[in-house]
Amino acid sequence: MHVLVLGGTTEARRLAERLAGALPAGARVTSSLAGRVASPKLPPGEVRVGGFGGADGLAEWLRTHRVDALIDATHPFAGTISFHAASAAAAAHVPLLALRRPGWVPVDGDRWHPAGSLDEAAAVLPALGRRVFLTTGRMGLAAFAGLDSLWFLMRSVDAPDGPCPARMEVLLDRGPFTLDGERELIRRHRLDVLVTKDSGGHATAPKLAAAREAGIPVVVVRRPPVPAGIPVVGTPELAVDWLAGLRG
């Protein structure tokens, strides 16, 4: 059996670790990383880095490498690859599963403002604050580039490129983050609004608690949908169970 995991997330690494001990002798696991992060944390097993050349290229890779199951464990906001995976799996007649960590849920005290896109998030910001904690990653900063009256603390793993806000400080850091650390960032930089994607998970959730404690609003960009008809599980353990069901 050959399993291809489209990865780059914590869940994908955990899945590769579990599959290393769960699959029968002779089975293979290949993890595919997009290559957008300079120094990614590599999962165990075989690893390939880079794109496939769209849905057609992925379908050809599935056929050439005799892949028996495809698991899309990419970031919840990596929407393009998910639709390519659905198209490629259908063309190559390979079973496909989506592994998605559950999204965040607001609790009492949260001041959340949902947004359907980064552009929508940028549009509501001037009415919410002046000093912005921007945690949506280095991609898509152009959406905020015209907000010259606002100041941004932008945190990401790698340095940004392309159009950026004129008044911006860059903080290069990788989660998991602590509640005390997020409190200190808000205090030190006098931040009064947070912008985040609904990525889910525990590694970056402390910023939500810190914003709640500080009473500042949070603009939450909704995640794109999983392609219709694709089964979805929320944990690597359930993905392993799905694979076991395929093997019968």
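Since this is a predicted model, take the numbers as computed values, not measurements. Values below: every heavy atom of this structure, side chains too, minus hydrogens, waters and symmetry copies. By convention here, the first residue in the shown sequence is residue 1.
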Spacing of CZ belonging to F144 relative to CG belonging to L125, to within rounding of 0.5 Å: 6.0 Å

Which residue pairs satisfy the side-chain hydrogen bond (donor to acceptor under 3.5 Å, both in side chains) criterion with at least one member in residues 1-18, sequence neighbours excluded? H2-T30, T10-R13, E11-R101, R14-E237, R18-E237

Not counting sequence neighbours, which residues clear salt bridge (charged side-chain N to carboxylate O under 4.0 Å, His left out) with R187? List them please. E184

Residues 102-110, side-chain donor-acceptor partners within the protein, below 3.5 Å, at least two apart:
unit_1 : atom_1 : unit_2 : atom_2 : d
W104   : NE1    : G201   : O      : 2.9
D110   : OD1    : R212   : NE     : 2.9
D110   : OD2    : V107   : N      : 2.8

Does any non-hydrogen side-chain atom of V219 lie less than 4.5 Å from one of L194? no

Run the salt bridge (charged side-chain N to carboxylate O under 4.0 Å, His left out) test against D180 and tell me which residues pass, sequence neighbours left out. R183

Identify, with sequence neighbours excluded, every residue that meets side-chain hydrogen bond (donor to acceptor under 3.5 Å, both in side chains) alongside K197. none

Among residues two or more places apart or on two chains, list those pairs meeting ring-ring contact (aromatic ring centres under 6.0 Å, His included) that have a residue in residues 157-203. W151-H189

Pair R155, T135 - check side chain to side chain donor-acceptor pair (under 3.5 Å), show working. CA-CA 5 Å; R155 182 170 68 192; T135 64; 5.6 Å; no

Residues 139-148 vs salt bridge (charged side-chain N to carboxylate O under 4.0 Å, His left out), sequence neighbours excluded, gives none

I need the minimum non-hydrogen distance between L179 and A210, along with the two atoms involved. CD1-N, 3.7 Å

Is there a side-chain contact between V170 and P160 (heavy atoms, below 4.5 Å)? yes

Atom pair CG (L62) and CZ (F52), whose distance is rounded to the nearest 0.5 Å: 7.5 Å

Rounded to the nearest 0.5 Å, what's the gap from CG on L33 to CG on L6? Could you check? 10.0 Å

Spacing of H113 atom NE2 and L128 atom CG [to the nearest 0.5 Å]: 4.5 Å

Could you give the distance from CG (D161) to CG (L141), rounded to the nearest 0.5 Å? 8.5 Å

With sequence neighbours left out, the residues meeting side-chain hydrogen bond (donor to acceptor under 3.5 Å, both in side chains) with S82 are D72, R100

Can you measure from CG (L147) to CZ (F152) and round to the nearest 0.5 angstrom? 4.5 Å

Can you list the residues that meet the side-chain hydrogen bond (donor to acceptor under 3.5 Å, both in side chains) rule with H65, with sequence neighbours excluded? W61

Hits for salt bridge (charged side-chain N to carboxylate O under 4.0 Å, His left out) against R111, two or more places apart or cross-chain, chain-then-number order -> none

side-chain hydrogen bond (donor to acceptor under 3.5 Å, both in side chains) involving H84 - partner list, sequence neighbours excluded: none

By salt bridge (charged side-chain N to carboxylate O under 4.0 Å, His left out) - contacts of R190 (at least two apart): none

Got more than 12 heavy atoms from elsewhere within 6.0 Å of CZ, R188? yes

